[in-house]
Enquirer: 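Please find one structure pasted underneath; my questions will follow.
From a predicted model like this one, the values you see are computed outputs, not experimental measurements.
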Amino acid sequence: MTQVSTATGAPATAGASRRGPAAWPGRAARRPAALPSWAAVALGALAWIAALAVIEPLVRGYLTSVPDQRLVDLDVYRMSGLSVLRGQPLYGMLTQPPQLLPFTYPPAAALFAVPLALMPWSAAQLVWVPVIYAPLAVVIWYAFAPLLRRAQGPGLRAAVFAALFAACAWEFPLRDEIRFGQVDVVLLAMAVADCAARVPRWPRGVLVGLATAIKLVPGVFIVYLWLSGRPRAALTALVTAAACTLGAWLLLPHDSVTYWTSAIFDPGRLGSNAGTSNQSLRGMLIRAFLPGPAPGMVWLVIAGAVAVAGFAVAGHLARQSRQMEGIAITALLGVLLSPVSWIHHYLVVVVVIGAILADGRSPLRVAIAAGTAVYFALTVPWWGQWMLDRHDVPDLAARAVQDGFGIAGLVLIVIIARLPAAGRPHQADPPVLA
């Protein structure tokens with residue numbers, strides 16, 4: 001009977017001593033599978049203890065930072081929930097000095113924030129730590145599914161998963177995510193799971209629609225669902241988003257009118273659009289035209305061209321069964337096309353790295369994925385800000401570095417579009433631990 005390699009899915013030849021890509025991964029993968037069950041459990045447990053120890057300084061540092069700088073965006077969410085309970089205008093509220101931050105999300109988001117308002121501020125901060133890191137684990141589980149599937153045996157798989165988790169948690173956008181107490185990783189996990197699960201246990205599209213109602217940017221995944229040949233899921237997402245928005249309108253009519261007629265059209269509420277942290281296409285254009293204003297029509301034309309080309313590539317990849325690569329491009333389009341995309345929004349790079357790496361067999365893909373991971377672990381845009389303050393660095397070079405994440409987002413779309421398909425179809429459905 002012909003044996004099939006569990007790592008490659010290809011027939012294993014009788015020449016077991018042959019050294020090559022079809023032989024050695026299977027042998028290497030089978031070794032950990034032979035571990036006794038207690039050893040496999042111990043390996044996985046130790047790996048996760050080590051991973052949590054690696055991110056502990058990061059979490060502790062931000063949870064014990066100066067109080068008025070601590071998880072300031074979480075404070076915005078909690079204050080919005082308090083405004084709902086007190087019947088105060090959502091879009092007139094500000095957090096406590098010195099931040100004085102306004103609420104910028106749709107009214108539906110404030111309704112979901114009500115539970116935060118029912119607990120003390122100190123408790124909300126602690127609760128938010130798993131709210132950030134559990135969804136990060138979900139994103140990794142889907143994005144790196146082909147690599148995790150290669151790890152034969154629950155012990156090795158748990159160890160690889162833990163290593164990926166620790167590494168991703170230290171990417172610069174993820175560090176900013178916990179620093180500010182943001183919600184982006186939750187919404188990304190919802191969108192990735194909805195688009196990537198082969199047979200979801202929920203109506204496909206519901207999670208994307210819910211994420212879109214909370215924060216409009218995940219709506220790019222509605223387009224992806226349609227382009228990937230799932231119009232029913234796209235329609236489900238639209239209906240879900242509309243239902244949540246309508247529900248919020250019925251509960252918060254005055255706030256809904258304010259948001260949909262004025263607040264949504266005021267990007268200045270989000271902060272300095274010209275600042276280094278804004279790594280969207282619009283942010284890069286605004287800085288390029290400083291000290292004058294950037295023509296809005298220029299942004300619309302460039303954003304339109306990027307959207308058309310990017311979604312065309314994403315849809316093409318999805319139809320080629322390169323699901324995660326299509327999802328990665330869609331996620332990048334979300335941060336590039338949004339009028340304002342802060343550095344923490346680039347946590348979508350976790351999906352990009354997993355999509356490029358695939359099952360880890362291609363040296364080219366491994367090199368690009370590793371380079372991307374290293375690049376986004378660095379504070380590149382802030383290097384550009386520092387360079388602008390020096391007189392010995394050309395302004396053009398400094399601006400290019402300052403726009404480092406936005407430029408990288410565009411380059412990554414081109415790279416993914418031009419990469420040859422991985423050796424096997426990039427199945428996005430996650431592996432199982434048993």
Side-chain angles (χ1 to χ4, degrees), residues 104-106 109 135-136 138-139 142-143 171 173-174 176-177 182-196 205 207-228 233-234 237-238 240-241 264 267 270 273 277-285 299-300 302-315 317-318 323-356 372 376 403 405-417:
T104 60
Y105 294 79
L136 173 61
V138 172
V139 173
Y142 279 99
E171 293 290 284
L174 265 302
D176 263 9
E177 183 82 353
Q182 261 287 340
V183 73
D184 306 293
V185 70
V186 178
L187 306 180
L188 180 63
M190 294 166 67
V192 170
D194 213 358
C195 293
L207 297 184
V208 167
L210 185 57
T212 303
I214 294 172
K215 190 174 183 178
L216 303 179
V217 175
V220 294
F221 289 99
I222 299 178
V223 180
Y224 175 75
L225 286 171
W226 183 276
L227 294 176
S228 61
L238 278 172
T240 302
I264 189 175
L270 302 172
N273 289 196
S277 290
N278 185 7
Q279 292 288 309
S280 68
L281 287 174
R282 181 171 170 273
M284 292 189 283
L285 285 171
W299 170 58
L300 289 175
I302 293 176
V306 171
V308 170
F311 281 122
V313 172
L317 291 172
Q323 182 82 267
M324 195 53 63
E325 289 164 285
I327 292 172
I329 287 181
T330 304
L332 286 170
L333 288 174
V335 292
L336 287 168
L337 299 177
S338 175
V340 177
S341 288
W342 306 127
I343 285 174
H344 54 78
H345 294 151
Y346 275 83
L347 57 80
V348 300
V349 74
V350 173
V351 180
V352 175
I353 295 168
I356 293 174
T372 302
F376 277 91
D403 297 340
F405 281 7
I407 293 173
L410 291 169
V411 171
L412 285 167
I413 289 176
V414 175
I415 288 175
I416 294 173

Enquirer: Once rounded to the nearest 0.5 Å, what's the spacing between atom CD of Glu325 and atom CD1 of Ile416?
Expert: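 Here the rounded value is 6.5 Å.
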
Enquirer: Just say parallel, tilted or perpendicular for the rings of Phe405 and Phe376, cut-offs at 30° and 60°.
Expert: tilted

Enquirer: What are the two closest non-hydrogen atoms of Gly406 and Leu336, and how far apart are they?
Expert: O-CD2, 3.6 Å

Enquirer: Indicate the atoms forming the closest heavy-atom contact of Ala191 with Phe221, along with that distance.
Expert: CB-CD1, 3.6 Å

Enquirer: Regarding Gln323 and Tyr142, do their side chains bring together a donor and an acceptor under 3.5 Å, going by distance alone?
Expert: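 No, no side-chain donor-acceptor contact under 3.5 Å.
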
Enquirer: Would you say Leu412 and Ile329 make side-chain contact, with heavy atoms under 4.5 Å?
Expert: no

Enquirer: Look at the side chain of Asp194 and the backbone N and O of Val208, then say whether any donor-acceptor pair between them is shorter than 3.5 Å.
Expert: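 Confirmed, Asp194 side chain pairs with Val208 backbone.
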
Enquirer: Could you please spell out the steps behind the side chain to side chain contact (heavy atoms under 4.5 Å, CB included) verdict for Tyr346 and Asp176?
Expert: CA-CA 10 Å; Tyr346 275 83; Asp176 263 9; over 6 Å; no

Enquirer: So which atom in Pro267 and which in Arg282 form the shortest heavy-atom distance, rounded to 0.1 Å?
Expert: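 Scanning both residues, the minimum pair turns out to be CG-NH2, 3.7 Å.
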
Enquirer: State, to 0.1 Å, how close Leu333 and Gly310 come at their nearest heavy-atom pair, and which atoms those are.
Expert: CD1-C, 3.6 Å

Enquirer: Quick one: salt bridge (charged side-chain N to carboxylate O under 4.0 Å, His left out) pairs with a partner in residues 329-340, sequence neighbours left out?
Expert: none

Enquirer: Measuring from atom CD1 of Ile302 to atom CE of Met284, what distance do you get when rounded to the nearest 0.5 angstrom?
Expert: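 Interatomic distance, Ile302 CD1 to Met284 CE, rounded to 0.5 Å: 9.0 Å.
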
Enquirer: Contact between Val350 and Leu174 at the side-chain level, heavy atoms closer than 4.5 Å - yes or no?
Expert: yes

Enquirer: Just by modelled atom types, is the Leu225 backbone N or O under 3.5 Å from a matching donor or acceptor in the Ser228 side chain?
Expert: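 Here the side-chain-to-backbone pair exists.
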
Enquirer: Test Leu332 against every option in Ile327, Val352, Leu410 by the side-chain contact (heavy atoms from CB on, under 4.5 Å) rule and name the one that passes.
Expert: Val352

Enquirer: Just list the side-chain donor-acceptor pairs under 3.5 Å for residues 182-190, sequence neighbours left out, or say none.
Expert:
residue	atom	partner	partner atom	Å
Gln182	OE1	Tyr77	OH	2.8
Gln182	OE1	Tyr105	OH	3.3
Gln182	NE2	Asp73	OD2	3.0
Gln182	NE2	Tyr77	OH	3.3
Gln182	NE2	Tyr105	OH	3.4
Asp184	OD1	Lys215	NZ	2.6
Asp184	OD2	His344	ND1	2.8

Enquirer: Is there side-chain contact between Asn278 and Trp342, with at least one heavy-atom pair below 4.5 Å?
Expert: yes

Enquirer: Would the distance check show the side chain of Thr212 and the main-chain N or O of Gly219 forming a donor-acceptor pair, the cut-off being under 3.5 Å?
Expert: yes

Enquirer: Side-chain contact, heavy-atom cut-off 4.5 Å: Ser341 with Gln279?
Expert: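 No; the side chains remain at least 4.5 Å from each other.
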
Enquirer: Exactly one of Val348, Thr330, Val351 should register a side-chain contact (heavy atoms from CB on, under 4.5 Å) with Val192. Which one does?
Expert: Val351

Enquirer: Check the pair Leu347, Val139 against side chain to side chain contact (heavy atoms under 4.5 Å, CB included), reporting the backbone distance first and the verdict last.
Expert: CA-CA 10 Å; Leu347 57 80; Val139 173; over 6 Å; no

Enquirer: What is the minimum heavy-atom distance between Ile353 and Glu171, and which atoms define it?
Expert: CD1-OE1, 4.1 Å

Enquirer: Supply the atom-to-atom distance Trp299 CH2 to Leu285 CG, rounded to the nearest 0.5 angstrom.
Expert: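 CG of Leu285 is found 9.5 Å from CH2 of Trp299.
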
Enquirer: Using side-chain heavy atoms (C-beta onward) and a distance below 4.5 Å, is Ser280 in contact with Leu337?
Expert: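 Not in contact.
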
Enquirer: Quick one: list whatever passes salt bridge (charged side-chain N to carboxylate O under 4.0 Å, His left out) with Asp403, sequence neighbours left out.
Expert: Arg287

